[in-house]
Amino acid sequence: MTAPRDGVALLFVGARQVVTCAGPARARRGTEMRDAAIRTGIAVLVRDGRVATLGDERDLRSSAPDATVVDCAGGVLTPGFVDSHTHALFGRPRFEEQELRAAGVPYMEIARRGGGIHASVRDLRARDEDDLVALARPRLRRLAASGITTVEIKSGYGLTLDDELKSLRAIRRLAAGLPLRIVPTFLGAHEIPIEYRERADGRAEYVELLVREMIPRVAAEGLARFADVFCEPGVYTVEESRRVLQAARAHGLALKLHADELEGGGGAELAAALGATSADHLAAISDAGIAALARSETVATLLPATMVFLGRTRQAPARALVDGGAAVALATDFNPGTSPTTSFPLLLTLGVSQLKLSVAEALVAATVNGAAALAIATETGQIAPGFSGDLALHDVKDVRELPYWFGEHRCTRSWVRGKPCHQYDLPVS
Ligand code: NIG
Ligand code: FE
């Protein structure tokens with residue numbers, strides 16, 4: 001996408017570090033993730049919404065006397081974080097389930113009792129588009145306040161043609177009305193709706209509805225860039241997932257997959273075989289799945305906050321994935337059931353302390369590889385000439401403080417396409 005040539009120039013000066021993540025405009029795999037290309041003593045010029053030059057402050061001041069100077073006051077400048085996996089469009093939160101799980105009722109059992117995703121589906125169906133937009137807006141502003149400048153949003157709490165279209169139209173309105181870069185994903189295969197579960201042949205009927213009506217309509221209206229499926233024992237089988245994703249591809253959508261989240265069973269292998277843009281979760285991935293992703297172009301998107309919030313001890317084998325040569329991204333999975341967090345810095349903490357990534361690997365996972373997981377690695381994810389002016393300024397002196405002060409937000413300002421996105425003194429709700 002080309003930003004309008006508005007002639008506006010911003011010159012960022014006085015940053016103690018500029019984490020550029022500069023390098024190839026594609027997913028970084030394996031050892032390539034070790035270098036976040038951190039620079040000191042440089043200024044950054046953004047013009048017409050794009051990074052123009054990185055260099056000596058005096059040189060840039062004289063080359064761009066018209067630029068508005070942004071004083072970074074000794075803070076750290078990073079590419080805006082790319083949150084490539086959220087379910088940010090939902091109605092009421094589901095805090096009652098947290099205590100139930102603490103008392104020993106597993107996530108899937110709550111769903112079998114009609115709670116979980118089913119509860120969010122009942123709730124969303126009863127709301128209109130305006131209501132959904134109004135509920136999502138402050139939540140997206142909170143995501144932005146943590147340094148996120150790009151956010152993927154999935155539908156998937158509607159599960160009828162009309163309710164999925166309503167959700168995707170709400171996402172389109174949010175994208176038009178907020179400074180964040182928003183990428184929409186169709187997740188009509190988030191669950192088998194209860195009304196279909198209760199009928200013999202209901203599962204097959206719902207899969208047919210997805211393939212024959214919902215996907216063609218969503219694609220024809222241009223409402224989503226990706227399609228996703230919750231491939232997990234008890235939800236969609238590998239074969240059902242394959243059928244839905246192949247139909248989505250035939251209609252021009254790119255592919256994502258919730259793969260091997262809880263028990264697993266071949267999701268990662270399916271994502272790799274289909275050439276999906278990303279395979280997400282992977283806490284229960286097999287050795288064969290790790291090998292398949294390492295050989296493929298599919299980004300392994302890890303969502304460590306989900307496992308923590310569910311109270312599970314097993315995290316995705318990030319080290320084995322990176323050391324095997326895969327490209328790993330980090331995302332919030334922001335949703336009302338398993339990951340009600342809007343904090344990207346928390347993910348950096350979990351990325352280092354739980355997934356055993358280095359800080360540089362976590363930063364690359366949060367930026368370049370998040371962008372690759374949305375097929376926009378040529379557009380955002382790095383502070384390098386030609387990339388979109390998507391930047392976040394953090395009130396820390398060393399980028400290693402971002403994962404260190406865990407539970408804190410240090411992002412004070414951010415920009416998308418060189419335009420203000422978040423500013424700390426704006427109310428976030
Ligand atoms: O990524 N796994 C499926 N979807 C979400 C949970 C959605 C929900 O519980 O509402 C996830 O964990
Ligand atoms: Fe998810």
Side-chain angles (χ1 to χ4, degrees), residues 83-98 100-101 105-125 132 135-136 139 143 151-159 163 167 183-194 226-236 241 244 255-265 267-268 271 276-285 299-312 314-316 329-342 347 350 370 373-374:
D83 190 357
S84 65
H85 182 139
T86 84
H87 308 252
L89 194 88
F90 58 89
R92 72 167 178 84
R94 305 208 309 266
F95 33 78
E96 66 281 3
E97 294 176 6
Q98 188 178 16
L100 270 179
R101 276 192 303 278
V105 188
Y107 177 74
M108 281 299 186
E109 176 57 27
I110 294 173
R112 274 190 288 275
R113 296 180 188 178
I117 293 170
H118 301 299
S120 289
V121 168
R122 279 192 298 278
D123 177 79
L124 182 136
R125 287 178 180 175
L132 292 172
L135 283 165
R139 293 170 180 157
L143 287 163
V151 59
E152 182 253 22
I153 309 178
K154 302 174 196 295
S155 67
Y157 293 121
L159 310 188
D163 290 302
S167 302
V183 178
T185 294
F186 172 62
L187 179 56
H190 199 187
E191 244 300 359
I192 307 280
I194 287 200
F226 290 92
D228 191 350
V229 178
F230 187 8
C231 178
E232 179 73 25
V235 194
Y236 285 84
S241 304
V244 173
L255 311 183
K256 291 183 160 289
L257 191 62
H258 278 70
D260 302 328
E261 175 175 354
L262 302 166
E263 276 179 57
T277 307
S278 71
D280 301 38
H281 281 292
L282 308 175
I285 191 174
V299 175
T301 299
L302 308 186
L303 313 162
T306 304
M307 294 298 125
V308 170
F309 190 74
L310 288 176
R312 297 172 79 98
R314 181 149 70 157
Q315 284 284 4
L330 284 169
T332 61
D333 195 19
F334 175 53
N335 76 73
T338 66
S339 188
T341 183
T342 54
L347 292 186
L350 299 178
L374 294 176

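Counting starts at 1 for both ligands and their atoms, in listed order. Computation of the quantities below employed the complete heavy-atom set of this structure, encompassing side-chain atoms and omitting hydrogens, waters and symmetry-equivalent molecules.
Which parts of ligand 1 touch Gly337 is read off a 4.0 Å heavy-atom cut-off, strictly below it: atoms 9 (O), 10 (O). Each of the atoms 8 (C), 9 (O), 10 (O) of ligand 1 lies under 4.0 Å from some heavy atom of Arg94. Residue Ile117 approaches ligand 1 through these ligand atoms, each under 4.0 Å from one of its heavy atoms: 7 (C), 8 (C), 9 (O), 10 (O). Close approach of ligand 1 to His87 is summarised as follows: ligand atoms under 4.0 Å from at least one heavy atom of the residue are 1 (O), 4 (N), 5 (C), 11 (C).
At least one N or O atom of Glu261 sits closer than 3.5 Å to an N or O atom of ligand 1. Between Thr306 and ligand 1, no N or O atom pair is found at a separation short of 3.5 Å.
Under a 4.0 Å heavy-atom criterion, Glu232 is not in contact with ligand 1.
At a threshold of 2.8 Å, the Fe ion (ligand 2) has no backbone or side-chain N, O or S atom of His281 nearer than that distance.
In this structure, the side chain of Glu97 does not engage the main chain of Ile110 through any donor-acceptor pair within 3.5 Å. Side chain of Arg122 to backbone of Gly114: a donor-acceptor contact under 3.5 angstrom is found. Proximity of a side-chain donor or acceptor of Glu263 to a complementary backbone N or O of Pro233 within less than 3.5 Å is not detected. Under the 3.5 Å distance criterion, the side-chain polar atoms of Asp260 are matched with a main-chain donor or acceptor of Gly265. In this structure, the side chain of Ser339 engages the main chain of Thr332 through a donor-acceptor pair within 3.5 Å.
Rounding to the nearest 0.5 Å places CD1 of Ile153 at 9.5 Å from OG1 of Thr185.
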- Task: Take Phe90 and Phe334 through the test ring pair (Phe, Tyr, Trp, His ring centres under 6.0 Å) and record every step on the way to the result.
- Result: CA-CA 10 Å; Phe90 58 89; Phe334 175 53; 5.6 Å; yes

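Looking at every heavy atom in both residues, Gly156 comes nearest to Val121 through O-CG2, 4.4 Å.
The nearest N/O/S atom of Asp333 to the Fe ion (ligand 2) is OD1. Taking the Fe ion (ligand 2) as reference, His258 places its N/O/S atom NE2 nearest.
Taking the six-membered ring for Trp and the full ring otherwise, His118 and His190 have centroids separated by 6.0 Å or more.
At the shortest separation from atom 12 (O) of ligand 1 among protein heavy atoms lies Thr338 OG1, 2.7 Å. Of the protein's non-hydrogen atoms, the one nearest atom 7 (C) of ligand 1 is Tyr157 OH, 3.4 Å. When only non-hydrogen protein atoms are considered, atom 4 (N) of ligand 1 lies nearest to His190 NE2, 2.8 Å. The nearest heavy-atom contact from the protein to atom 9 (O) of ligand 1 is Tyr107 OH, 2.6 Å. Annotation: atom 11 (C) of ligand 1 to nearest protein heavy atom, Asp333 OD2, 3.2 Å.
At a threshold of 4.0 Å, the pair Lys154-Glu152 counts as salt-bridged, since one of the basic side-chain nitrogens sits closer than that to a carboxylate oxygen.
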